[in-house]
J.: 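My questions all concern the structure below.
Index from 1, following the sequence.
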Amino acid sequence: MDPAEALVFSLVLVIIVVSLLSNALVLICFAYSPEIRKQAPGLFNLNLTFCNLLLTVANMPLTLAALASRAQPGGDALCQAAGFLETFLSTNSMLSMAALSIDRWVAVVFPLRYHSKMRHRDAALVLGYTWAHSISFSTAATCLSALGYHRLYAACTLAAPRERASGRTQFVVFTVLFHAFSFLLSFIVLCVTYLKVLKVARFHCRRIDVITMQTLVLLVDIHPSVRQRCLEEQRRRRQRATKKISTFIGTFMLCFAPYVITRIVELFPAVPISPHWGAVSKCLAYSKAACDPFVYSLLRYQYRKTCGDIVDRLLKRHRSSNESRPSPEGRGLSLPRVE
């Protein structure tokens, strides 16, 4: 294993550890907090978390094994099953992110009608579509024999069939359609919905800024430090929405775009692709499973509050168990006396 492969191996190992811990923490918060469970977006987060956990447990270790041995991990049947799962989970996770963006758009643009437009039944219908969409493409890839071990990415994923020359054209068409209706579709939905959310957020910020400035003008005796804090809060409010939306779209593009672009470029045999770059692009795609818990869940107030409540409860239980433990005198043991 050369230094580049060792670096990719280490990155995948770190991604596995971070993804397991962070996604497991999201599940614990979901099970602990009734407030999170009763909200419709919680179903989208739950589906995204399960997809990330399954991808971490089922597919990433096979990539580790392939990087270590420089060969296909396991037999063809195992690799095809892992490729089916990888195709399904990657598509499902992308569509879940698009569903979360639609939920935010409805909540911001239609705040008074949000609870009637986005109920648990509506969220379940959206999740049903994401599952049907993902299973359709995974099944089509299986029927086209387009699943197997791909040496360029050191992973069991979409791979051109070797035994049929006529299958090359079908594989090219399927690859383009698959990424168009998974990555590109989700990216368009993310951009359209979040840009509308940003537009509404900036409009509300301008209204709040006008009211704040009018108040500051009326309060002529206000201390300069208080006035300065109000102006700084205005600036932070304007930047907050932009940072959040940039994080949602930016992490999606940073993690998935290199891999998808590499898959499209790979369809042109005349363009050489470095195997090291192929492994790195796959590693970036895997890293989304470790980023999602922080981007969509753990950095939000409800999840941070739930984590704090869980820690407090564990500490109180630990203290109570220590206090209820009998002392040595209580157990009939005599301590040596110091004269």
J.: Return the minimal non-hydrogen interatomic distance between Arg304 and Leu299, and the atom names on each side.
T.: NE-O, 3.1 Å

J.: Might you point out which heavy atoms bring Pro111 and Val108 nearest each other, and give the distance in Å?
T.: CD-O, 3.5 Å

J.: Got Ser22 and Leu298 here, is their nearest side-chain heavy-atom distance under 4.5 Å?
T.: yes

J.: Using side-chain heavy atoms (C-beta onward) and a distance below 4.5 Å, is Ser182 in contact with Phe187?
T.: no

J.: If I compare all heavy atoms of Ala123 with all of Phe44, which pair ends up nearest, and what's the gap?
T.: O-CE2, 3.6 Å

J.: Minimum heavy-atom separation for Thr251 and Thr247, please, with both atom names.
T.: OG1-O, 2.7 Å

J.: Could you check Val109 against Thr193 for side chain to side chain contact (heavy atoms under 4.5 Å, CB included), going step by step and ending with a plain yes or no?
T.: CA-CA 10 Å; Val109 179; Thr193 53; over 6 Å; no

J.: For the residue pair Leu127 and Thr130, establish whether any side-chain heavy-atom pair is separated by less than 4.5 Å.
T.: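 Contact flag for Leu127/Thr130 side chains = yes.
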
J.: Identify whether the distance between the nearest side-chain nitrogen and carboxylate oxygen of Lys305 and Asp309 falls below 4.0 Å.
T.: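 Looking at Asp309 together with Lys305, the answer is yes, because their closest N to O distance falls below 4.0 Å.
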
J.: Would a distance-only check, ignoring hydrogens and angles, find a side-chain to backbone donor-acceptor pair under 3.5 Å from Asn23 to Ala289?
T.: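 Yes, the answer is positive, given that a donor and an acceptor are paired below the 3.5 Å cut-off.
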
J.: Ignoring hydrogens, what is the shortest heavy-atom contact between Cys283 and Val12? Give both atom names and the distance.
T.: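 Residues Cys283 and Val12, closest heavy atoms: SG-CG2, 4.0 Å.
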
J.: Does the Thr139 side chain pair with the main chain of Ser136, one donor and one acceptor, at a distance under 3.5 Å?
T.: no

J.: Is there a path of hydrophobic side-chain contacts, each under 4.5 Å between heavy atoms, that joins Leu64 and Leu78?
T.: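 No, no single cluster joins them.
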
J.: Do Phe248 and Tyr296 make the cut of ring centroids closer than 6.0 angstrom?
T.: yes

J.: Would you compute the distance between atom OG1 of Thr306 and atom OH of Tyr301 and round it to the nearest 0.5 angstrom?
T.: 9.0 Å

J.: Determine yes or no for a side-chain-to-main-chain donor-acceptor pair under 3.5 angstrom, with Asn52 supplying the side chain and Ser19 the backbone.
T.: no

J.: Measuring only between side-chain heavy atoms, which start at C-beta, is Thr87 closer than 4.5 Å to Phe178?
T.: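 Yes; the side chains approach each other to less than 4.5 Å.
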
J.: Test your reading of the model: is there a side-chain donor-acceptor pair from Asn92 to the backbone of Phe88, 3.5 Å cut-off?
T.: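 Flag not set: sc Asn92 to bb Phe88 has no pair under 3.5 Å.
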
J.: Once you round to the nearest 0.5 Å, how far does CG of Leu43 lie from CG of Asp122?
T.: 11.0 Å

J.: Arg263 side chain to Leu158 main-chain N or O, any donor-acceptor pair under 3.5 Å?
T.: yes

J.: If the plane angle is over 60° it's perpendicular, under 30° parallel, otherwise tilted; pick one for His179 and Tyr259.
T.: perpendicular

J.: After noting the C-alpha distance and the side-chain angles of Cys79 and Gln72, does the key distance pass the side chain to side chain contact (heavy atoms under 4.5 Å, CB included) rule?
T.: CA-CA 8 Å; Cys79 209; Gln72 175 179 327; 3.8 Å; yes

J.: With no hydrogens and no angle check, is any side-chain donor or acceptor of Thr91 less than 3.5 Å from a backbone partner on Ser134?
T.: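 Here the side-chain-to-backbone pair does not exist.
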
J.: Do the non-hydrogen side-chain atoms of Gln302 and Gln39 ever get within less than 4.5 Å of each other?
T.: yes

J.: Looking only at non-hydrogen atoms, find the nearest pair between Leu62 and Pro73 and report the distance.
T.: O-CG, 3.5 Å

J.: Within the structure provided, determine whether Ile16 and Val57 are in side-chain contact (heavy-atom separation under 4.5 Å).
T.: no

J.: Side chains of Asp103 and Tyr114: any donor to acceptor distance under 3.5 Å?
T.: yes

J.: Is it the case that atom OH in Tyr303 sees more than 12 heavy atoms from other parts of the structure closer than 6.0 Å?
T.: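 Atom OH in Tyr303 is crowded, with more than 12 foreign heavy atoms closer than 6.0 Å.
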
J.: Between Phe183 and Phe256, is the ring centre distance below 6.0 Å?
T.: no

J.: Could you go through the side chain to side chain contact (heavy atoms under 4.5 Å, CB included) check for Arg70 and Glu5 one step at a time?
T.: CA-CA 10 Å; Arg70 296 185 179 181; Glu5 292 176 343; 2.8 Å; yes

J.: Leu195 and Ile188: same hydrophobic cluster, using ILVMFWY side-chain contacts below 4.5 Å?
T.: no

J.: Can you check whether Cys307 and Cys29 have SGs under 2.5 Å apart?
T.: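 Judged by the SG atoms alone, which are 2.5 Å or more apart, Cys29 and Cys307 are not bridged.
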
J.: Same cluster or not: are Val17 and Leu7 linked, directly or through other Ile, Leu, Val, Met, Phe, Trp or Tyr residues, by side-chain heavy atoms under 4.5 angstrom apart?
T.: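 No.
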
J.: Do side-chain atoms of Ser138 reach the backbone of Ile135 as a donor and acceptor pair under 3.5 angstrom?
T.: no

J.: Report yes or no: do Leu46 and Leu21 belong to one cluster of Ile/Leu/Val/Met/Phe/Trp/Tyr joined by side chain heavy-atom distances under 4.5 Å?
T.: no

J.: Same cluster for Leu254 and Ile249 if Ile/Leu/Val/Met/Phe/Trp/Tyr side chains link at under 4.5 Å?
T.: no

J.: If you round to the nearest 0.5 Å, how far is OG of Ser186 from CG of Leu100?
T.: 11.0 Å

J.: Can Gln80 and Tyr149 be said to form a side-chain hydrogen bond (donor to acceptor under 3.5 Å, both in side chains), step by step?
T.: CA-CA 8 Å; Gln80 289 175 3; Tyr149 178 69; over 6 Å; no

J.: Are Met97 and Leu48 packed together at the side-chain level, in the sense that at least one heavy-atom pair is separated by less than 4.5 angstrom?
T.: yes

J.: Step through the shown structure and confirm whether more than 12 heavy atoms of other residues, nucleotides or ligands are within 6.0 Å of CZ on Phe84.
T.: yes

J.: Ignoring hydrogens and angles, tell me if any N or O in the side chain of Arg104 forms a donor-acceptor pair with the backbone of Tyr194 under 3.5 Å.
T.: no

J.: Take Glu266 and His150 through the side-chain hydrogen bond (donor to acceptor under 3.5 Å, both in side chains) test and state the conclusion after the steps.
T.: CA-CA 12 Å; Glu266 181 197 356; His150 202 306; 2.4 Å; yes

J.: Side-chain contact, heavy-atom cut-off 4.5 Å: Phe171 with Ser145?
T.: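 Phe171 vs Ser145: side chains apart.
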
J.: Do the two ring centres, one from Phe110 and one from Trp105, sit under 6.0 Å apart?
T.: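 Yes - the distance between ring centres of Phe110 and Trp105 falls below the 6.0 Å cut-off.
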
J.: Applying side-chain hydrogen bond (donor to acceptor under 3.5 Å, both in side chains), run through Tyr286 and Thr63 and close with a yes or a no.
T.: CA-CA 10 Å; Tyr286 282 155; Thr63 299; 2.9 Å; yes

J.: Does Leu267 form a side chain to side chain contact (heavy atoms under 4.5 Å, CB included) with Val176? I'd like the steps, not just the answer.
T.: CA-CA 9 Å; Leu267 301 177; Val176 173; 3.9 Å; yes

J.: Heavy-atom count check: over 12 atoms from other residues, nucleotides or ligands less than 6.0 Å from Phe50 CZ?
T.: no

J.: Kindly compute the distance separating OG (Ser297) from CG (Asn45), expressed to the nearest 0.5 Å.
T.: 3.5 Å

J.: To the nearest 0.5 angstrom, please state how far the OG1 atom of Thr142 sits from the CG atom of Leu147.
T.: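 So the OG1 of Thr142 and the CG of Leu147 are separated by 4.5 Å.
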
J.: Got a second to check how far Asp292's CG is from Ser96's OG, nearest 0.5 Å?
T.: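 OG of Ser96 is found 9.5 Å from CG of Asp292.
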
